[in-house]
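Notes follow the structure.
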Amino acid sequence: MGSTSAENNGTGYAGNNGTGSTGSHGTGDNGATGVGRRALIKRSAALGLVSVPATGFLSACASGGGGDNSGENEGKASDSNPFGVKEGSKLDVVIFKGGYGDDYAKAWEAAFKKKWGVTSVHTGTQEITGKLQPRFNAGNPPDIVDDSGAQQIPIDVLHRNGQLLDLAEVLDAPSVDDPGTKVRDTLVPGTLDAGMQEGKVVALNYIYTVWGLWYSGKLFEEKGWEAPRTWDDFLAVCKDAKAQGIGGLAHQGKYPYYINVAIMDLIAKKGGLDAMKAIDNLDPRAFVGSDAATEAIEAVYEVVEKGYLMPGTNGLTHTESQTRWNQYKAAFITSGSWLENEQLKTTPADFDMKFLPMPLLPDSALPFEAIRAGSGEPFVIPSKAKNLPAAKEFMRMMLSKEWSTVFAKEANSLTILKDGVDPDVQLRPGTQSTVEASKAAGDNTFRFLYTEWYSEMGTAIENASNELMARRIQPREWLKRAQAAVDKQAKDPSSKKNRRD
């Protein structure tokens with residue numbers, strides 16, 4: 001996770017996160033602890049890391065000076081230079097170095113220097129909060145940030161304190177590829193939603209992410225298992241796996257963002273979009289009183305009760321659990337589509353990684369092919385960035401076919417740009433399977449936004465899931481705790497500014 005966002009430590013998308021954060025998604029550390037995106041995916045476990053010092057962080061953020069945009073980095077705007085990038089200026093870029101690495105960003109920066117004569121100061125790190133919180137506090141933030149990973153600074157926290165630029169000017173600018181088309185009109189529909197706060201897009205969730213179950217095509221072929229389409233079939237594979245000394249389901253126990261992929265997907269697919277929106281809209285019956293939520297949490301708990309979890313999975317980080325899955329110690333694992341990148345060093349060459357939409361509970365409102373899909377890996381421009389013209393142009397160029405293809409080649413992932421990847425780019429098996437799943441899903445996609453809108457609520461639900469998977473609470477108590485988190489958030493006046501129709 002995360003993405004927020006989760007990967008090589010893995011975020012997600014978004015994620016956030018995504019943030020569905022993811023967060024969103026992947027955030028990766030190749031062994032270091034952390035969660036991943038990608039929000040998308042987000043990424044949400046990270047929220048717990050910053051919740052305690054949040055008050056001090058917010059008050060400090062609200063004060064700091066520095067970073068005045070005096071015009072020293074402003075050039076002459078024109079049709080070909082809509083933001084007035086100044087040749088010879090410098091751009092401060094911070095990239096979450098997770099599952100997607102940061103080679104793509106270095107390639108972008110080289111192209112940016114060649115075109116505009118702007119030199120980038122590049123920082124690739126997993127310590128987003130550690131490195132950037134002091135800078136935000138002092139009013140001296142970078143110019144553009146990939147705010148993802150286990151130490152993501154929650155987007156809602158930054159927004160509430162006026163630390164993020166409204167990206168409308170970038171999105172309404174002419175596309176690099178087609179000056180007659182606005183940037184926002186070149187994007188996959190719905191992918192801007194995860195970066196919205198109170199009606200404004202303040203984060204660009206750049207990576208197109210899907211969430212669900214994953215399995216090894218090789219293992220399934222050897223065992224004669226078929227990819228399950230129903231929850232009963234899923235349990236049957238888990239049962240057979242257990243009989244053969246293999247875990248049924250691995251989950252990233254120290255980062256319960258990931259098991260919430262299963263829980264929340266089951267809720268959405270069982271109850272349809274109304275069940276999803278009830279959670280995002282803080283409905284008083286979002287969990288307690290929801291048949292979809294009740295059936296979903298009882299279904300996941302059945303995996304625990306019947307001993308189908310991979311032994312030890314509750315005590316593992318995301319990369320530890322995923323590595324054991326790569327060693328064929330479990331049939332399934334939950335994650336976002338950053339997983340393949342995050343696990344490159346530990347995945348056997350013939351593993352044949354495959355994505356699977358969440359299997360269906362009886363009488364589900366959405367079809368099996370429906371998937372949680374959207375954007376993860378939030379990029380932001382701080383409102384006090386010193387070189388706003390270059391930061392805006394850099395983001396505009398991120399949404400060109402040239403830079404989108406660079407990302408696909410370097411990071412093995414798709415972006416939110418429609419038809420944004422050269423068809424000659426060869427994707428790895430797991431990522432290719434997500435492309436096929438997205439085509440099969442068509443319009444049957446969904447995406448929760450509470451992880452991006454309400455980081456504290458998201459953390460509370462994750463904590464309840466952690467207790468459930470460890471058998472310290474039962475499904476009824478999980479529902480109570482999740483609803484309590486919703487009810488608490490609903491009392492915050494600012495919550496009324498976010499709503500899904």
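Please read all numbers here as calculations on a predicted model, not as lab measurements. Worth knowing before you read on, the calculation uses all heavy atoms, side chains too, and leaves out hydrogens, waters and symmetry mates. Residue numbers start at 1 and run along the sequence shown.
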Judged by atom type as modelled, is there a donor-acceptor pair below 3.5 Å linking the side chain of [X] to the main-chain atoms of [Y]?
X    : Y    : value
S321 : H251 : yes
D492 : S494 : yes
K269 : M358 : yes
N260 : I263 : no
K386 : N140 : no
Q126 : K97  : yes
T445 : R372 : no
S404 : S400 : no

What distance separates [X] [atom1] from [Y] [atom2], expressed to the nearest 0.5 Å?
X    : Y    : atom1 : atom2 : answer
I259 : M264 : CD1   : CE    : 11.5 Å
M276 : F448 : CE    : CZ    : 6.5 Å
T129 : Q152 : OG1   : CD    : 8.0 Å
I279 : R500 : CD1   : CZ    : 10.5 Å
L399 : S175 : CG    : OG    : 8.5 Å
E393 : W116 : CD    : CH2   : 4.5 Å

Note to self: If you apply the rule side-chain contact (heavy atoms from CB on, under 4.5 Å), what do you find for I153 with L132, and how did you get there?
What the structure shows: CA-CA 9 Å; I153 302 175; L132 297 191; 4.2 Å; yes

side-chain contact (heavy atoms from CB on, under 4.5 Å) between V425 and D422: does it pass, once the steps are laid out?
-> CA-CA 6 Å; V425 174; D422 189 300; 4.1 Å; yes

Could you report the tightest heavy-atom contact between [X] and [Y], atom names first, then the distance?
X    : Y    : value
E74  : P389 : CG-CG, 4.1 Å
A365 : G272 : CB-N, 3.6 Å
N81  : V85  : OD1-N, 2.8 Å
I144 : A391 : CD1-O, 4.1 Å
T405 : G420 : OG1-O, 3.3 Å
K401 : D177 : N-OD2, 2.8 Å

Going by distance alone, is a donor N or O of one side chain under 3.5 Å from an acceptor N or O of the other, for [X] and [Y]?
X    : Y    : result
E462 : T459 : no
N498 : E198 : no
N444 : E369 : no
T125 : T123 : no
S89  : N73  : no

Min side-chain heavy-atom separation [X]-[Y] under 4.5 Å:
X    : Y    : value
K182 : L171 : no
T415 : I207 : no
N205 : E377 : no
D178 : T186 : no
M397 : K115 : yes
I155 : L164 : yes
F351 : N326 : yes
L165 : L388 : yes

Verdict with reasoning, L204 to M395, per side-chain contact (heavy atoms from CB on, under 4.5 Å):
CA-CA 9 Å; L204 180 76; M395 184 170 282; 3.7 Å; yes

Who passes side chain to side chain contact (heavy atoms under 4.5 Å, CB included) against E410, sequence neighbours left out?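 Scan of E410 (side chain to side chain contact (heavy atoms under 4.5 Å, CB included), adjacent residues dropped) gives D103, Y104, V406.
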
Between the side chains of K392 and E169, is the shortest nitrogen-to-carboxylate-oxygen separation below 4.0 Å, so that they form an ion pair?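 The answer is yes: the pair qualifies as a salt bridge.
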
- Does W211 have its ring centroid less than 6.0 Å away from the ring centroid of Y258? no

- Query: Any chance the rings of W108 and Y206 have centres within less than 6.0 Å?
  - Reply: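 So the answer is yes for these two rings.
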
What's the verdict on side-chain contact (heavy atoms from CB on, under 4.5 Å) for D147 and F379, showing C-alpha distance, side-chain angles and the deciding distance? CA-CA 6 Å; D147 181 22; F379 282 75; over 6 Å; no

Counting only heavy atoms not in K131, do more than 12 sit closer than 6.0 Å to its NZ atom?
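No - once you tally the heavy atoms of other residues, nucleotides and ligands closer than 6.0 Å, there are 12 at most.
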
Should the heavy atoms of other residues, nucleotides or ligands under 6.0 Å from NZ of K113 be counted, would the total exceed 12?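 No - once you tally the heavy atoms of other residues, nucleotides and ligands closer than 6.0 Å, there are 12 at most.
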
The ring-ring contact (aromatic ring centres under 6.0 Å, His included) partners of W214 (sequence neighbours excluded) come to F355

TODO: Mind running salt bridge (charged side-chain N to carboxylate O under 4.0 Å, His left out) on D156 and R160 for me, showing each step along the way?
DONE: CA-CA 6 Å; D156 59 333; R160 283 198 305 268; 3.4 Å; yes

Exercise for review: Dump the intermediate steps for salt bridge (charged side-chain N to carboxylate O under 4.0 Å, His left out) on D92 and K90, then the final yes or no.
Suggested key: CA-CA 7 Å; D92 191 341; K90 293 187 183 297; over 6 Å; no

Trace of the side chain to side chain donor-acceptor pair (under 3.5 Å) decision for Q322 with Q252:
CA-CA 7 Å; Q322 291 160 189; Q252 302 84 334; 3.1 Å; yes

*Does the side chain to side chain donor-acceptor pair (under 3.5 Å) test come out yes or no for T323 and E320, once each step is laid out?*
CA-CA 5 Å; T323 297; E320 290 168 344; over 6 Å; no

Q. Run the ring-ring contact (aromatic ring centres under 6.0 Å, His included) check on F394 and W403 step by step: do they pass?
A. CA-CA 10 Å; F394 192 88; W403 282 27; 5.0 Å; yes

Point to revise | Among T431, T209, N341, side chain to side chain donor-acceptor pair (under 3.5 Å) partner for S413 | key: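 Result for side chain to side chain donor-acceptor pair (under 3.5 Å) with S413: N341.
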
